Amino acid sequence: MPKAFFIDTSRCTACRGCQVACKEWHEHRAVPTLQRGTHQNPPDFTPFNYKIVRFNEHKIDGKIKWLFFPDQCRHCTSPPCKDAADAYVPGAIVQDEATGAVLYTDKTKQLTIDQAQEVRDVCPYAIPVRDETTGALSKCDWCIDRQRAGMKPACVKTCCTGSMNIGERADMLALAHKTLAKVKEKHPQAQLLDEDYLGVIYLITEPRNLYYEYAERPVRPAPGPMTRQAFLAMLTRPVTSMRG
Amino acid sequence: MTQHWIDIKNADVVLIMGSNAAEHHPISFKWVLAAKDAGATVIHVDPKFSRTSARSDFHVPLRSGTDIAFLGGMLKYILEKDLYFKEYVTEYTNASFIVSEGFTFKDGLFSGFDPATKTYDRKTWTFDKDANGLVVRDKTLQHPRSVYQLLKKHYSRYDIDTVSSITGVSKDNLLKVWDTVAATGKPTKVATMMYALGWTQHTVGVQNIRLAAMIQLLLGNIGMAGGGINAMRGEPNVQGSTDHALLYDALPGYHPVPTTAWPTLAEYLKANTPVTKDPKSVNWWQNRPKYVTSLLKGWFGDAATAENEYGYEWLPKIEPNVEYASLFMFDKMYKGKIKGGFIYGHNPCMSMPNTHKIRKALTNLDWFVIGEAHETETAAFWRQPGFDPKNVKTEVFLLPSCQRGEKDGTTSNSGRWHMWHYKGYEPMGVSKPMGWMVVEIMKRVKALYAKEGGAFPAPIQNVEWYEQYDADLMAKKINGQFTRDVTVGDKQYKKGDQVPAFPMLTADGATSSLCWVYAGSYGAAGNLTKRRDHTQTPMQAKIGLFPNYSWAWPVNRRIIYNRASVDVNGKPYYPAKAVIAWEEGKWVGDVPDGPAPPMADPKGVYPFIMHTEGHGQLFGPGRMDGPFPEHYEPAETPITVNPFSKQMSNPCMKVAESDIDALAKNGDPRFPIVLTTYSMTEHWCGGGDTRNTPALLEAEPQLYVEISQELAKEKGVKNGDVVIIETLRGKVEAVAMVTVRMTPLQVQGKTLHLIGMPFCFGWTTPGCGDATNRLTVSVADPNTRIPEYKACLCNLRKADKVTELQR
């Protein structure tokens, strides 16, 4: 049975326990950072940061909105990055049958810089990063080692507010919809993000363009079955909007 | 906390004020969100919109240092609109007590003030007594000298216009908060109040908290599930260190420190053991002689005898009118009056106010010993920027301390839960627990005294010391033991048996206990701090009470003053969230505040057992600066007129004066901006530990200052620019974080800017900035001597060159 994360940003206090727990579990070294006028640090994913909490703030009609988004790979049910990589190095990106987790292997090192860039470019959420020293592509690995040992991913385990959840996909979808109905009472614009296509289901309370560049996608996928090509075409963004 | 963490979920209203709970006590928000899920309204009142505000129903910005005006206005509103819980107020608080005729309050000063010493003679802050020695009461609350009427008169000045103009809070916002909180004056509605250093770190810190507690008494919210007045305490083990008297003013277990005014134990106990003539008042402190005697037996063992007053004469005595708090200890050090000392788990070069002074003061020492896990700014002060090590005479001994996870022991959480924590791994290198350091050093001092003698050797020779540091043995000694075979009631105890609970402690030397409140944590059943049992009754399950999980002081009571949660017949005011109930001749639920039957029973007792008269104190005669909280401005204030009185600042506030301490005058045009300081989730206290934890430093790498967009525009500062913040004490560089989360306030008709900075960044972490506390003031609350970190005056400008921050 496929599994899924449910991330309820209406409960997130941006304590960054998930961001730090992720680093600790993966024994990732710290990257040098500077204070740039925001609490968000590091500014973006690195080969040593699979999880970062994004902070965005707005004052709308005199009301302050401080939005927290614990960002990570969405583990797409039909991952475009895998399709892209398969064309060059089969086995570089695999999907775990038991969970649906999208996993990057050591073989990603065999992708050329341009091929790796192509894999990055097809990700609608700008997640994968390339380690320039080793050439490996990396991103959230679902703590698949913990998962296989019967433990929750480090980010879910450490979350004290109930923002981070994991379980059977059907259960998480049910929880997401139930939570959404309740959250909408106070936040009428609350919504789930692309829940039918992703292994990581986000609930956000405000319009998605208020979060950050890649929370928003121009078109929301129409419900119902789609071919992989159609899905890819819809998700793929023009290269000009990609970050360098 | 009067409650415990889980209990927050029972609240109908959560007022978070003087606290940034989501950032500094992240786990508390698990329960705040649970309350919200169940329909509670969560309010955050704070100068800054923080991560707490983001998860609250609404945030209300106020000017730092005006909480008493805000809450005083709320109190007036509650009385005026008749929203208080009448039966509770009449029966359980001292609202009906008649105050002595001599008590007055005129233009900001209570009766008995001596301007020369800046202290009060509190002899008129008392109650009328009848021929039998009982307090005279008027339960109609009409007597003009009743506490209720005096309270009404005192806060009549706190009208909404004045409160709004001084706090900078709009009238709409004031009413929104007041209405929401005041709606819990009904028996079946409860509000909790969560506070932390945002209330304590002011020259009126204690009175901030007292006023909040008074409101909770008026609304009948003390003793109830989901109510109470809750200090957020956390990782620094503030709860445990307070219980064990970390500070100079107390002995373990909340006993006043001996002074030269009480040279004998008899005199000490006479002065500190309250007496009541009222048979319904439990007056718990009448037991003090048992607890102090047992403490002395715990320290001096067999050497403590009735003949030598259990060794009381060996205790150091302070002078009654001399200041000993850390603020003044460093003042003495700065003035060259201290030669050396020990510093454990403290980084004063970062965390004390006016740290330029602290850093200079350390150069006057011949030596000091510091126990630390890292080389902090205090341990390395001799090589700090601007110091030439050749010119620093102080010899520093840095003892490497192991970390929490490397040692066994107990911590006491905010809810008074006493919990064992297990060593997870062996200490790194040669690092040791601090308890080990203390035991080993004292062993050697004792050996030297035995060999060489010395001045006043008795306390050193007679202290019962340990062969080696053993956390389990310490836990046993803290609980207490019988020192000889005794019979208590129909039970026999042998010498060396663990004391079952504090009612068995005696004043005749038959028992020892290093802290009476913990008696019962380690009795015959073993070490209860190790319990992790979730068993509970259905009644306990309704309010999330787990009596078999760890152990809470006192006597495993989870919600204190719980006798106030029931009416005089023992029936819960809020049956759906009952804490205790009198059923078939016994109490069920939580451990009640004493086994006595309900108050209406001839053998019944008043609920506030720690107070001599047994009632919640709306009139609180025990504080240094007044029985009613009064608004005074911070020591440095941007305004020149206090609308409530001619008294600008707390008349009793404590000020450390030296050539390096300076205070800006009221409304000083050179420093028009209010500065407040705080912590953050990612760093702990002065940052000594967390700046050495790479993943945390990565998340929060450098000193910043949060400023409004309006102020940034006025000063020509862009987000991410380095700015210089300046006060009369010093200058600090910080990265400007220009944010909508800081709001300019309208105070007395003018726009006032407030900025905020964390205090955790120091020079031993290269390029992260240096102590924010170089800016703050050496003034303190007169009750606690906690410095006023939360409000001082500053100015800021764009930096022309950057020296402290990596760019």
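In what follows, chains carry the letters A, B, and so on, assigned in the order in which the sequence lines appear, proteins first and then strands, with residues in each chain numbered from 1. All figures in this text were calculated on a predicted structure; none of them were measured in a lab.
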Undergrad: Show the nearest heavy-atom pair for residues A:C160 and B:I27, with the distance to one decimal.
TA: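 Nearest heavy atoms, A:C160 then B:I27: CB-CD1, 3.5 Å.
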Undergrad: In terms of heavy-atom proximity below 4.5 Å to chain B, should A:Q40 be classed as side chain, backbone, both, or neither?
TA: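 Neither part.
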Undergrad: Inspect the surroundings of CE in A:M151 and state if more than 12 heavy atoms from other residues, nucleotides or ligands are less than 6.0 Å away.
TA: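 Yes, CE of A:M151 has more than 12 neighbouring heavy atoms, counting only those of other groups under 6.0 Å.
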Undergrad: Which bit of A:F68 is near chain B, if near means a heavy-atom gap under 4.5 Å: side chain, backbone, both or neither?
TA: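 Contact with chain B is through the side chain of A:F68 alone.
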Undergrad: Between A:T9 and chain B, which part of the residue has a heavy atom less than 4.5 Å away: side chain, backbone, both or neither?
TA: backbone
Undergrad: Could you measure the distance from the CZ atom of B:F29 to the OG atom of A:S163? Nearest 0.5 Å is fine.
TA: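 Result: 11.5 Å between the selected atoms.
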Undergrad: Heavy-atom distances under 4.5 Å only: say whether A:H58 touches chain B with side chain, backbone, both or neither.
TA: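 It is the backbone, since no side chain atom gets that close.
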Undergrad: Name the option with the most non-hydrogen atom pairs under 4.5 Å to chain A; the candidates are B:T681, B:D721, B:T52, B:N719.
TA: B:N719
Undergrad: Between B:A736 and chain A, which part of the residue has a heavy atom less than 4.5 Å away: side chain, backbone, both or neither?
TA: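 Only the backbone of B:A736 comes within 4.5 Å of chain A.
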Undergrad: Nearest 0.5 Å please: distance from the CZ atom of B:R51 over to the SG atom of A:C12.
TA: 9.5 Å
Undergrad: Which one wins on heavy-atom pair count under 4.5 Å against chain A: B:Q806, B:E23, B:K36?
TA: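 Among B:Q806, B:E23, B:K36, the one with the most close pairs to chain A is B:Q806.
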Undergrad: With no hydrogens and no angle check, is any side-chain donor or acceptor of A:T33 less than 3.5 Å from a backbone partner on B:E698?
TA: yes
Undergrad: Mind ranking B:M680, B:H59, B:R741 by heavy-atom pairs under 4.5 Å with chain A and telling me who comes out on top?
TA: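 Answer, by heavy-atom pair count under 4.5 Å with chain A: B:R741.
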Undergrad: Relative to chain B, which of A:T13, A:T161, A:L34 shows the most heavy atom pairs under 4.5 Å?
TA: A:L34
Undergrad: Measure A:K182 against the heavy atoms of chain B and call it side chain, backbone, both or neither at under 4.5 Å.
TA: side chain
Undergrad: Measuring only between side-chain heavy atoms, which start at C-beta, is B:L703 closer than 4.5 Å to A:Q35?
TA: no
Undergrad: Below 4.5 Å, heavy-atom pairs only: which of A:Q19, A:R36, A:K63, A:K23 has the largest tally toward chain B?
TA: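 Among A:Q19, A:R36, A:K63, A:K23, the one with the most close pairs to chain B is A:K23.
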Undergrad: What part of B:L697 is in contact with chain A, defined as an atom under 4.5 angstrom from a non-hydrogen atom: side chain, backbone, both or neither?
TA: backbone
Undergrad: May I ask you to say whether B:D37 pairs ionically with A:R11, meaning some side-chain N is under 4.0 Å from a carboxylate O?
TA: yes
Undergrad: How many angstroms lie between atom OH of B:Y704 and atom NE2 of A:H39, to the nearest 0.5 angstrom?
TA: 4.0 Å
Undergrad: Counting heavy atoms not belonging to B:K713, are there more than 12 under 6.0 Å from its NZ?
TA: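 Result for NZ/B:K713: open.
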Undergrad: Going through the checks in order, is the side chain to side chain contact (heavy atoms under 4.5 Å, CB included) test met by A:T38 and B:T739?
TA: CA-CA 9 Å; A:T38 168; B:T739 172; over 6 Å; no
Undergrad: Short question: side chain of A:N41, backbone of B:E700 - any donor-acceptor pair under 3.5 Å?
TA: no
Undergrad: Where on B:R55 is there a heavy atom nearer than 4.5 Å to chain A: the side chain, the backbone, both, or neither?
TA: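 Just its side chain gets close to chain A.
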Undergrad: Give the minimum heavy-atom separation between B:E682 and A:A14, together with the two atoms involved.
TA: OE2-O, 4.4 Å
Undergrad: Only pairs of heavy atoms separated by less than 4.5 Å count here; which of B:C768, B:S50, B:G767 has the most with chain A?
TA: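 Most pairs with chain A among the choices: B:S50.
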Undergrad: Mind checking the NZ-SG spacing from B:K30 to A:C159? Nearest 0.5 Å is all I need.
TA: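 The NZ atom of B:K30 sits 9.5 Å away from the SG atom of A:C159.
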Undergrad: State, with a plain yes or no, whether a side-chain heavy atom of B:Q709 is found less than 4.5 Å away from one of A:K59.
TA: no
Undergrad: Does any non-hydrogen side-chain atom of A:R16 lie less than 4.5 Å from one of B:L696?
TA: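 No, their side chains stay 4.5 Å or more apart.
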Undergrad: Please find the pair of heavy atoms, one from A:A30 and one from B:A695, that lie closest to each other, and give the distance.
TA: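 Looking at all heavy atoms of both residues, the shortest contact is CB-N, 4.4 Å.
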Undergrad: Please determine whether the number of non-hydrogen atoms from other residues, nucleotides or ligands lying under 6.0 Å from atom CD1 of A:I60 exceeds 12.
TA: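 Atom CD1 in A:I60 is crowded, with more than 12 foreign heavy atoms closer than 6.0 Å.
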Undergrad: Check whether more than 12 heavy atoms from other residues, nucleotides or ligands sit under 6.0 Å from atom NZ of A:K157, and answer yes or no.
TA: no
